[in-house]
Amino acid sequence: MKVFFPTDQHLHHPPFEIFEFGQHIQYYESPNRFDNVITAIKEECRFELLPAENFGIEPILRVHSPEYVNFLRTIYRDWLLADEDMPDGSGLYPTTRPHHIVSTKGKGLSARLGTYVTDLSAPIHENTYIAALSSAHSALSAAKSLTEGALIAAAACRPPGHHAGKQSAAGYCYLNNTSIAANWLSKFGKVAILDIDYHAGNGSQEIFYDRADVLTISLHADPSEEYPYYQGFADETGQGAGEGFHHNFPLPKGCGKEEYLEAFEKALELVKQYAPAYIVVAAGFDTYKSDPLGTFQLSGKTYSTLGKMIKELDIPTSVNLEGGYYIPKLGTNFVKFLKSWLD
Ligand code: SP5
Ligand code: ZN
């Protein structure tokens, strides 16, 4: 099995995020996550670890607006050039967030930050854009393997992507790796995105909400209680041509294996009915029992079960790493999931 990795992920390493009550805490989405994953991948000789191929900017611009991509590329440099204040190594956090109304008058740096960054867990640093690009390219590389005949391929994406919208960074995400890969694959046939991260895949939901050629399904903690709070409810089912092609499975805090598998079976039934040519999994492991950001109670064994159940559909599948913050077990959980296709 080919597992692609983003060559520039290490360039993005924010020192902190701003948590509830304004606490500055260590950035959960750290390069240590990636190191743990790569170590685990290297221990299994049936994985072939490969650097991401460069697909250029075009497949990214088919998902994200040019203004937003340009913002990611330039804001840090422009901030420095403008000689604006920034404590050493802090990175850029928005101080305003215009909801719905985005003024066409405000072209200043703070206006740009507030326009495109939705929350305080997606700071922009000097090389954030470069790291995010390489993460997207790793997802594209895995997708490409499927068109070359692979039944399974994976990408150790970092930074993750599923909270990034057409023009918004949020929740550790800048470019929506999974959506970029799914959109690229959609040229070759119908695609289903299956999002099993603890948090709702709101970015992917937004991106494909009015499309019938990419089915989006997300299983996650009920957004009434958990990030991203405003999206991921069961009655959000798509619109226009996309009506009926989005499904959310909000699950209660503390959800265990039984209840999770029940929802997962329903989700797979929907995938089966849709009969896609490809599946793209947004694979977050923050559903793990020890995850510091999650409350679900899944064990490593459950990830093998989930992998096997997807494998049984016999549809070419690419797996992109999303969240997962209990670092000591992140790599083994990812590997347990992937090994389902090898056994
Ligand atoms: C890709 C991904 O998994 N992003 C997750 C972003 C979560 N952002 C933090 C939200 C605040 C969570 N509050 C949890 C309180 C734990 N005591
Ligand atoms: Zn998550």
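Just so you know, ligand 1 is whichever comes first in the structure, and atom 1 is the first atom listed for that ligand. We number each residue from 1, following the sequence as shown.
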- request: Would you please indicate if the ring centroids of His137 and Phe4 are separated by under 6.0 Å?
  value: no
- request: Starting at NZ of Lys190, measure out to CG of Leu185 and round the result to the nearest 0.5 Å.
  value: 14.5 Å
For ligand 1, output the ligand-protein N/O contacts shorter than 3.5 angstrom; if there are none, return none.
unit_1: ligand 1; atom_1: 3 (O); unit_2: His199; atom_2: ND1; d: 3.2
unit_1: ligand 1; atom_1: 3 (O); unit_2: Asp286; atom_2: OD2; d: 3.1
unit_1: ligand 1; atom_1: 3 (O); unit_2: Tyr325; atom_2: OH; d: 2.5
unit_1: ligand 1; atom_1: 4 (N); unit_2: His163; atom_2: NE2; d: 3.3
unit_1: ligand 1; atom_1: 4 (N); unit_2: Gly171; atom_2: O; d: 3.1
unit_1: ligand 1; atom_1: 4 (N); unit_2: Tyr325; atom_2: OH; d: 3.4
unit_1: ligand 1; atom_1: 13 (N); unit_2: Glu20; atom_2: OE2; d: 2.9

- prompt: Between Phe16 and Tyr27, is the gap from one ring center to the other below 6.0 Å?
  reply: no
message: Please determine whether His199 has a backbone or side-chain N, O or S atom lying under 2.8 Å from the Zn ion (ligand 2).
response: yes
Atom name, Asp286 (N, O or S, nearest to the Zn ion (ligand 2)): OD2
task: Establish, yes or no, whether a centroid distance under 6.0 Å links the rings of Tyr174 and Tyr68.
output: no
message: What is the name of the N/O/S atom of Asp197 that is nearest to the Zn ion (ligand 2)?
response: OD1
- request: Return each pair, listed once, that meets side-chain hydrogen bond (donor to acceptor under 3.5 Å, both in side chains) where at least one residue sits in residues 284-293; pairs must be two or more places apart or across chains.
  value: His199-Asp286, Thr287-Tyr303
- request: Decide whether His246 and Asn248 meet the rule of one side-chain donor and one side-chain acceptor closer than 3.5 Å.
  value: yes
field: Among Ser135, Ser138, Pro31, Cys157, the one residue meeting side-chain contact (heavy atoms from CB on, under 4.5 Å) with Gln9
entry: Pro31
